[in-house]
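Proteins get letters first, then strands, A, B, ... in listed order; numbering begins at 1 in each.
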Amino acid sequence: MVCSPKVRWRAVSADVLAWRDWDCEVVVFNQATGSTHLLGELGGEVFRRLVGAEGGASVDALVAGLTDEPTGADNADWSAAVAGVLSDFARLGLAEPDVS
Amino acid sequence: MIVAELSNRELEQRLNGPGLRLRTGPVVARIQSPLPSIARAIALQYADYATEDEASFSDFRVRVGRPRNLRRWLRPQAQFFVDGNLPFTPLPLDQAFPMLEWGLNWCVSAHCHQFLIFHAAVVEKTGRALILPAPPGSGKSTLCAGLVNRGWRLLSDELTLIDLASCEVVPLPRPVSLKNASIDVIRAFAPAVTIGPTVRDTTKGSVAHMRAPSESVRRGMETARPGWIVLPRYEAGSAARLTSLSKGRGLMHMADNAFNYSAHGRRGFECLAQFVDRSSCYEFAYGDLEEAACVFNDLAAGP
């Protein structure tokens, strides 16, 4: 349900996360867990967009920002990939769905 | 005063009595031991080190002695105390000096949280630190000993200390622990170097300690700024290969080899990230120590 294309996601508070953006990689430290995560290319891009999106972003909005292609069948693959990244972020305490 | 200025008798009296306050970089250890092998090893390995006077502060009070049990008549043992506690099980008596070295490392890694501490060798040239974070068996100490004998300053062969405020490496120059085949490799590579007796059948195999160069000891308070983070890997017969590594992966390798990085929370991350930001990161495979030293001397000659 939370990975529905319309649900908005946001990065957890900047008080909890610290990060560095190096070329294609983002390294994130989660103060709440004490863990450090190296995000790959897609994960890094999704993280950058979540951090930069005031009020969060939906899967649809994230996919639209990642591809230049018009909405179509290929976007289903992108949506699944982004939903997978967000699910990982939720597990790692880096992002959460806005269920309000 | 340095240890070499003490007579053997004075050294033994201190070790048997109030303790020898030995300064290694930012740390002062008060060492007590009635064992002649400890006195001999300290006289050999720590001759150039400063001793503090008896009234001065010491970070740790350690003692290496023999347990008073029945085994002392059959298979004598040594045990390591720190501030009156026994953190380790006893070891055979001939391993007393390696035990002191391992114990001092443990004291620093378990207590000196004013630093970010990593399990990594570190050397310096042109004011810049070359950090070698790697698991045991990767050739880290051998490469460190090789570089130290080709113009690099020893900061530590085991523990890299990064100052949280300045993000610079704080030296902890101590004897370099050589293991197994590395002992003869370094004897052949640097025949003039002082290597203590080989202790066999330790948990790490055969161990011998290479004395730290005098200049490294003398400059034991001189920090080094970030330079290079290199993941070494010894491969028998391999040509030297230095391959770029992303900063993200460099940071993760440092974090994987950290003792207290998570304990420092965001401050630890920010310090490490700043250090990595100012460093170049590489992977390095080598099969020949002389060739490896050439690669790093070329690296240090660059910008």
**Asked** How close do B:S262 and A:G34 get, heavy atom to heavy atom, and via which atoms?
**Response** OG-O, 3.0 Å
**Asked** For A:T36 and B:M252, which heavy atoms make the closest approach, and how far apart are they?
**Response** O-CE, 3.3 Å
**Asked** Which heavy atom of B:E270 sits nearest a heavy atom of A:R20, and at what distance?
**Response** OE1-NH1, 3.0 Å
**Prompt:** Rounded to the nearest 0.5 Å, how far does CZ of B:R266 lie from CG of A:D15?
**Reply:** 6.5 Å
**Asked** Which atoms of A:V26 come close to chain B, meaning under 4.5 Å heavy atom to heavy atom: side chain ones, backbone ones, both, or neither?
**Response** neither
**Request:** Please work out whether the ring planes of B:Y261 and A:F29 are parallel, tilted or perpendicular, with thresholds of 30° and 60°.
**Result:** perpendicular
**Asked** Counting heavy atoms not belonging to B:D298, are there more than 12 under 6.0 Å from its CG?
**Response** yes
**Prompt:** Measuring from A:L17:CG to B:F269:CZ, what's the distance to the nearest 0.5 Å?
**Reply:** 10.0 Å
**Asked** Taking atom CZ of B:R249 as the centre, does the number of heavy atoms from other residues, nucleotides or ligands within less than 6.0 Å exceed 12?
**Response** no
**Message:** Using a 6.0 Å cut-off, check whether atom CD of B:E291 has over 12 heavy atoms from anything other than its own residue.
**Reply:** yes
